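All values reported here derive from a predicted model rather than from experimental measurement. Hydrogens, waters and symmetry mates play no part in the numbers below; they use all other heavy atoms, side chains included.
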Amino acid sequence: GHISYDTVSRALAEGVQHLLLRLGIVSRLYERSHAYRGRRVRSHVVTVTGHDNLERFWRSIARHFLNDSRRAAARALAHGGRGRGSTDIIPVGVRSVIKYERVHRRVTWPQLEAATALCMRAVDSPPLIRLATSDLYWDRVVSVEPVGGRETYDLEIEGDHNFLANDLVVHNSHSSSFALLAYASAYLKAHHGPAFYAALLNNQPMGFYHSATVVNDARRHGVRVLPVDVTRSDWLCTLERHERTHDHPAQWAVRLGLRYVKGLREAAGNALVAARAERPFASVRDLATRAGLARDEMQTLAAIGALAPLGGTRRANIWTTAEPDLGPLFAATPCDASPSPLREMSTTERLVADYGGTGVTLGPHPMALRRAELVAHGIRRACDLATGRDGERVRVAGSVIVRQRPGTAKGFVFLSLEDETGIANVIVTPQLFARQRWALVAEPFLMAEGILQIQDGVVSVRAARVKPLARLDHVVPSHDFG
């Protein structure tokens with residue numbers, strides 16, 4: 001009437017028990033001693049009992065067994081009679097049932113308190129009483145050891161000081177320090193936006209959002225972001241002071257660094273910056289010769305427009321850097337480069353080149369290029385949702401930048417769809433996710449139709465259906481279920 005796993009390694013047994021609990025299967029771990037090859041050995045046994053646990057074990061694990069006899073035996077256990085399993089009958093006045101499963105308590109708190117008191121009166125078992133009255137169900141502190149001098153931050157917190165996070169008992173000061181970090185970040189973003197975004201871009205990859213999303217957010221918040229420029233960019237992103245023009249007031253701007261050029265070696269980028277410090281570059285050929293860049297590095301710089309300040313368009317510079325007479329180090333020649341026969345890039349081609357060469361673009365957002373088509377189908381911009389009416393049916397669309405499925409969300413999936421105006425939050429029910437799993441997991445551009453929800457200033461769309469949009473020639477990587 002049970003399923004067990006036997007091993008001489010306690011660490012392995014605890015790992016198996018931990019994994020089972022993650023799958024919602026409660027097991028027991030005990031030691032036993034038995035004869036083996038003329039000697040006594042001690043082993044650790046993980047045991048699954050009780051109808052509910054055996055049924056869960058069959059559904060999650062055993063039905064995938066390759067061994068036919070073991071698969072059949074597990075199925076018989078799961079579909080057999082319930083028996084007593086892990087349920088005890090305690091005759092105190094009336095027949096009362098107390099389930100020992102510490103995670104799956106299907107009772108109300110008053111019932112649980114009454115059952116605990118009953119257990120303590122009726123059962124002469126200190127371990128059982130300890131389990132019945134404990135708030136922590138399987139993790140435990142194994143040891144507390146001194147680690148020497150450490151800088152600490154003393155916080156006075158009312159109420160309970162500890163909580164359980166990722167199987168560790170964590171002090172509540174963690175949540176307080178996170179709140180302080182969030183407040184400080186919000187302050188920097190509001191009052192020192194250019195420095196804030198430059199720091200974020202210099203520390204990518206990090207967090208939820210791709211660099212392209214950080215750049216788009218900066219531009220939506222009035223921070224000017226300037227492209228990679230071989231005459232100005234350092235290896236890291238930097239700040240540049242720009243005087244007032246008829247288009248822009250005087251302000252600090254973020255200059256993208258050479259680190260964003262895909263395929264450009266850091267040593268080559270630093271060599272470029274050092275050569276420029278000696279004297280400005282006179283031409284594309286001069287840069288290639290003095291910085292010692294490889295042909296593919298020069299062509300990437302040309303494709304993203306980073307060579308344009310030295311003269312020429314993107315395609316013209318691609319042609320120049322591809323000429324065979326330049327040699328591996330683009331040695332200078334006395335004759336002028338031949339004129340480029342290549343047609344100049346369109347807006348869409350520049351967008352594809354930007355994403356392919358740097359992962360970001362300072363041109364139009366991909367959704368802006370299809371906005372007329374989206375409007376014709378009644379699809380709203382993300383920025384328009386806040387002015388909508390709670391409960392009305394709406395359609396939104398965008399590039400999927402985040403997919404989340406928290407373990408505490410009961411199967412709900414949360415999507416972040418970005419367009420040229422902002423980010424729309426979409427809630428996907430477990431039923432819809434089951435029906436359209438592939439599109440929701442794999443498609444980079446989605447349209448969602450559903451009910452607009454506006455609660456306490458939080459705007460979201462509860463999706464009733466989703467539909468993939470036609471793919472463009474580039475895809476911004478999304479943060480999925482991490």
Side-chain angles (χ1 to χ4, degrees), residues 209-225 227 246-248 303-305 313-315 343-403 415-428 432 436 438-440 442-454 459-478:
Y209 300 113
H210 187 267
S211 302
T213 301
V214 175
V215 168
N216 290 333
D217 187 72
R219 298 170 72 187
R220 287 193 295 268
H221 285 83
V223 175
R224 190 177 177 191
V225 183
H246 65 283
D247 294 325
H248 299 281
I304 65 174
T313 61
R314 296 193 188 202
R315 285 267 168 81
R343 175 183 52 82
E344 189 44 49
M345 291 183 181
S346 65
T347 300
T348 301
E349 289 171 333
R350 287 197 297 272
L351 187 71
V352 172
D354 286 345
Y355 279 115
T358 65
V360 303
T361 183
L362 302 181
H365 191 279
M367 299 305 294
L369 301 180
R370 51 173 64 169
R371 179 53 57 190
E373 174 190 353
L374 298 175
V375 170
H377 288 86
I379 297 174
R380 299 191 187 184
R381 300 178 303 171
C383 68
D384 296 331
L385 295 179
T387 60
R389 187 179 68 258
D390 181 53
E392 70 172 314
R393 198 170 185 88
V394 296
R395 291 179 177 178
V396 293
S399 170
V400 184
I401 59 173
V402 175
R403 295 177 174 91
L415 305 178
S416 297
L417 305 184
E418 182 187 64
D419 66 13
E420 71 274 25
T421 69
I423 298 174
N425 300 310
V426 177
I427 303 170
V428 178
L432 179 59
Q436 297 189 259
W438 176 252
L440 288 165
E443 290 293 338
F445 296 94
L446 288 175
M447 184 281 294
E449 179 179 352
I451 303 302
L452 181 64
Q453 297 180 339
I454 304 177
V459 181
S460 58
V461 176
R462 185 183 177 96
R465 72 183 187 99
V466 295
K467 176 183 176 181
L469 299 178
R471 295 191 179 210
L472 299 178
D473 292 332
H474 75 279
V475 174
V476 176
S478 57

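Two residues are said to be in side-chain contact when any heavy atoms from C-beta on lie closer than 4.5 Å; Tyr209 and Val402 meet this criterion. Between His210 and Ile401 there is no side-chain heavy-atom pair separated by less than 4.5 Å. A 4.5 Å side-chain heavy-atom check between Leu415 and Val428 finds at least one atom pair inside the cut-off. Using a 4.5 Å heavy-atom threshold, the side chains of Thr348 and Leu369 count as touching. Counting heavy atoms from C-beta outward, Gln453 and Val459 have side chains that stay 4.5 Å or more apart.
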*Please assess Arg389 against Leu452 for the test side chain to side chain contact (heavy atoms under 4.5 Å, CB included), listing each intermediate value before the final yes or no.*
CA-CA 7 Å; Arg389 187 179 68 258; Leu452 181 64; 5.8 Å; no
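Closest approach of Val466 to Ala448, counting heavy atoms only: CG1-CB, 4.2 Å. Summarising the geometry of Leu440 relative to Leu432, their closest heavy-atom pair is CD1-O, 4.0 Å, with the distance given to 0.1 Å. Minimum interatomic distance between Val225 and Ala218 (heavy atoms only, all atoms of both residues): CG2-CB, 4.1 Å. Across all their heavy atoms, Gly359 and Ala212 have their closest contact at O-CB, 3.5 Å. Contact between Leu385 and Ala424 at its shortest, heavy atoms only, is CD1-CB, 3.8 Å. Shortest non-hydrogen contact noted between Ala353 and Ala303 is CB-O, 3.6 Å.
Between atom CZ of residue Arg350 and atom OG1 of residue Thr347 there is a gap of 4.5 Å, rounded to the nearest 0.5 Å. Here the CG atom belonging to Asn216 is positioned 5.0 Å from the NE2 atom belonging to His365, to the nearest 0.5 angstrom. Here Leu374 contributes atom CG and Leu469 contributes atom CG; the two are 6.5 Å apart, rounded to the nearest 0.5 Å. With values rounded to the nearest 0.5 angstrom, Asp384 atom CG is found 12.5 Å from Ile379 atom CD1.
Looking at Thr361, its side chain never comes within 3.5 Å of a backbone N or O of Leu351 through a donor-acceptor pair. The backbone N or O of Val396 sits nowhere less than 3.5 Å from a side-chain atom of Arg381 that would complete a donor-acceptor pair.
For the salt bridge (Lys or Arg N to Asp or Glu O under 4.0 Å) condition, the pairs that include at least one residue of residues 353-365, sequence neighbours left out, are Arg314-Asp354.
Among residues two or more places apart in sequence or in another chain, the salt bridge (Lys or Arg N to Asp or Glu O under 4.0 Å) test is passed with Arg343 by Glu349. Residues satisfying the side chain to side chain contact (heavy atoms under 4.5 Å, CB included) criterion with Val400, sequence neighbours excluded, are Arg403, Leu417, Leu446. Residues that satisfy the side chain to side chain contact (heavy atoms under 4.5 Å, CB included) test with Asn425, not counting sequence neighbours, are Ser416, Ile423, Ser460. For Arg371, the salt bridge (Lys or Arg N to Asp or Glu O under 4.0 Å) partners at least two apart in sequence or on another chain are Asp419, Glu420. Under the rule for a side-chain hydrogen bond (donor to acceptor under 3.5 Å, both in side chains), the partners of Glu449 that lie at least two apart in sequence or sit in another chain are Arg393, Arg395, Arg465.
Of the N and O atoms on the side chains of Thr313 and Glu344, at least one donor lies less than 3.5 Å from an acceptor on the other residue.
Figure legend: cation-pi geometry between Arg370 and Phe445, with NZ or CZ positioned under 6.0 Å from the six-membered ring centre and within 45° of its axis.
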